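Take a look at the structure set out below.
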2 protein chains.
Amino acid sequence: MNTQVQLFKALGDETRLRVLLLLLRHTELCVCDLEAALDMPQSTVSRHLAVLRNANLVEGERRGVWMYYRLNRKYGISKAIFKCLKKYCLTLEQASADTHRLNEFLKTKNVETCSKGTGKQEDSQ
Amino acid sequence: MNTQVQLFKALGDETRLRVLLLLLRHTELCVCDLEAALDMPQSTVSRHLAVLRNANLVEGERRGVWMYYRLNRKYGISKAIFKCLKKYCLTLEQASADTHRLNEFLKTKNVETCSKGTGKQEDSQ
DNA sequence: TTGACACATCCTAATATGCGGATATATTGA
DNA sequence: TCAATATATCCGCATATTAGGATGTGTCAA
């Protein structure tokens, strides 16, 4: 399919827009961060990231077991789109709730393991 | 649905992108012009125009029997998108063929009726 | 008010997309 | 090599989107 069409198709989904808005604020995030921020199962998050990757909107870098995703600013059109998102979409209804969930998660995140389910809230013993 | 998502959904379709690119070059076009340019049936063209209208990307104005469509530049985000399209999408594969078909049609277009099927090519007798 | 024309909407089948559990793959440390 | 963890992909199902013919609506002229 045409590159530009693919790009806009990728943007035309609320979940993926939420991912991009999170990456606008946080420069880079791993999949488990996004799981927490979006409150969605891992397979769903990963699938959306694949769509964004294929549209050249994000790029991933593996560091150890983690995949860190950031915005892909290599292309003029994607840079233009990010500007547009920053200016007109950061007010997206879900965006602030996502950021809040993300920050909560980052606070209690175990750096060794993603600590899903067994956050630090309970390991003070 | 969220306004911004709806906007990008509308952009994420090759036919609709082709319509917007035509309107970037021609300021305003009626449905039968677009039928000719896209080489698609009227109902299909009309449906896509409805999607673009609902996304605030185009606006229509009735003049007599005709509906003239043009880009809707009332909103910051749509203006930004049009700039983006102009800069990065006018090279879309189909775009030049569409413009060519449109120009051919406009040459032979009967101003009274849309002259579908009975173009001027055959009425020189 | 009737007919012709431009356009919009409805209807149904085909296709695409989204979801999330299950499973596969990759990396690391033991 | 094996187990544990993070991520990617597969699969089946549900829903959304698309196409285009048929039909409805609005406008104009006679």
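A, B, ... follow the sequence lines: proteins, then strands. Residue 1 opens every chain. In what follows, every heavy atom counts, from backbone to side chain, and hydrogens, waters and symmetry copies are set aside. This one's a predicted model, so the numbers in the text were calculated from it and none came from an experiment.
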Can you check the [X] [atom1] to [N] [atom2] distance for me, whole Å?
{"X": "Trp66(B)", "N": "dA29(D)", "atom1": "CH2", "atom2": "C1'", "value": "12 Å"}
{"X": "Glu59(B)", "N": "dC7(C)", "atom1": "CD", "atom2": "P", "value": "17 Å"}
{"X": "His48(A)", "N": "dA8(D)", "atom1": "NE2", "atom2": "P", "value": "13 Å"}
{"X": "Met40(A)", "N": "dG20(C)", "atom1": "CE", "atom2": "P", "value": "7 Å"}
{"X": "Glu61(B)", "N": "dA6(C)", "atom1": "CD", "atom2": "P", "value": "18 Å"}
{"X": "Lys9(B)", "N": "dA16(C)", "atom1": "NZ", "atom2": "C1'", "value": "12 Å"}
{"X": "Glu35(A)", "N": "dG20(C)", "atom1": "CD", "atom2": "C1'", "value": "12 Å"}
{"X": "Leu38(B)", "N": "dG20(D)", "atom1": "CG", "atom2": "P", "value": "11 Å"}

Hey, any chance Ile77(A) and Ile77(B) share a hydrophobic cluster, counting ILVMFWY side chains that come within less than 4.5 Å of each other, even indirectly?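 Yes, Ile77(A) and Ile77(B) fall within the same hydrophobic cluster.
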Do you reckon Val51(A) sits in the same ILVMFWY cluster as Leu17(A), going by side-chain contacts under 4.5 Å, direct or chained? no
Does any part of the side chain of Glu104(A), heavy atoms only, come nearer than 4.5 Å to the side chain of Lys107(A), both counted from C-beta?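 Side-chain contact under 4.5 Å: yes.
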Considering only side-chain heavy atoms of Pro41(A), which listed nucleotide, dT7(D), dG21(C), dG18(C), is closest? dG21(C)
Which nucleotide, dA8(C), dA8(D), dA19(D), lies nearest any side-chain atom of Ser46(B)?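 In terms of side-chain proximity for Ser46(B), the closest of dA8(C), dA8(D), dA19(D) is dA8(C).
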Backbone of Cys30(B) reached by a side-chain donor or acceptor of Asp33(B) within 3.5 Å: yes
Would a distance-only check, ignoring hydrogens and angles, find a side-chain to backbone donor-acceptor pair under 3.5 Å from Gln4(B) to Tyr88(A)? yes
Can you tell me which stems DNA chain C forms when a stem means 3 or more consecutive Watson-Crick or G-U pairs under 3.5 Å? C:1-30 with D:1-30
Let me have a per-nucleotide readout for nucleotides 22-30 of chain C, 5' to 3', with B, S or -, counting only protein heavy atoms under 4.0 Å. B----SS--
For Asp98(B), which residues count as a side chain to side chain contact (heavy atoms under 4.5 Å, CB included) partner, sequence neighbours excluded? Arg18(B), Leu22(B), Leu38(B), Gln94(B), Arg101(B)
Does a side-chain N or O from Tyr69(B) land closer than 4.0 Å to OP1 or OP2 of dA6(C), or not? no
OP1, OP2 of dG20(D) versus side-chain N and O of Thr44(B): anything below 4.0 Å?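 For Thr44(B), the contact criterion (side-chain N or O under 4.0 Å from OP1 or OP2 of dG20(D)) is met.
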Mind checking Tyr68(B) for me? I need base, sugar-phosphate or nothing, with any heavy atom below 4.0 Å counting as a touch.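 Touches nothing.
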More than 12 heavy atoms from other groups under 6.0 Å of CD on Glu93(A):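 Open.
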Closest approach of [X] to [Y] (non-hydrogen atoms, all atoms of both residues):
{"X": "Glu14(B)", "Y": "Asn2(A)", "result": "OE1-CB, 4.2 Å"}
{"X": "Asn103(B)", "Y": "His26(B)", "result": "OD1-NE2, 3.6 Å"}
{"X": "Leu57(B)", "Y": "Phe82(B)", "result": "O-CZ, 3.2 Å"}

Tell me if the side-chain of Arg47(B) makes a donor-acceptor pair with the base of dA19(D), cut-off 3.5 Å, by modelled atom types.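 Answer is yes: a donor-acceptor pair is held.
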5' precedence on DNA chain C between Val31(B) and Gly12(A) (nearest-nucleotide basis): Val31(B)
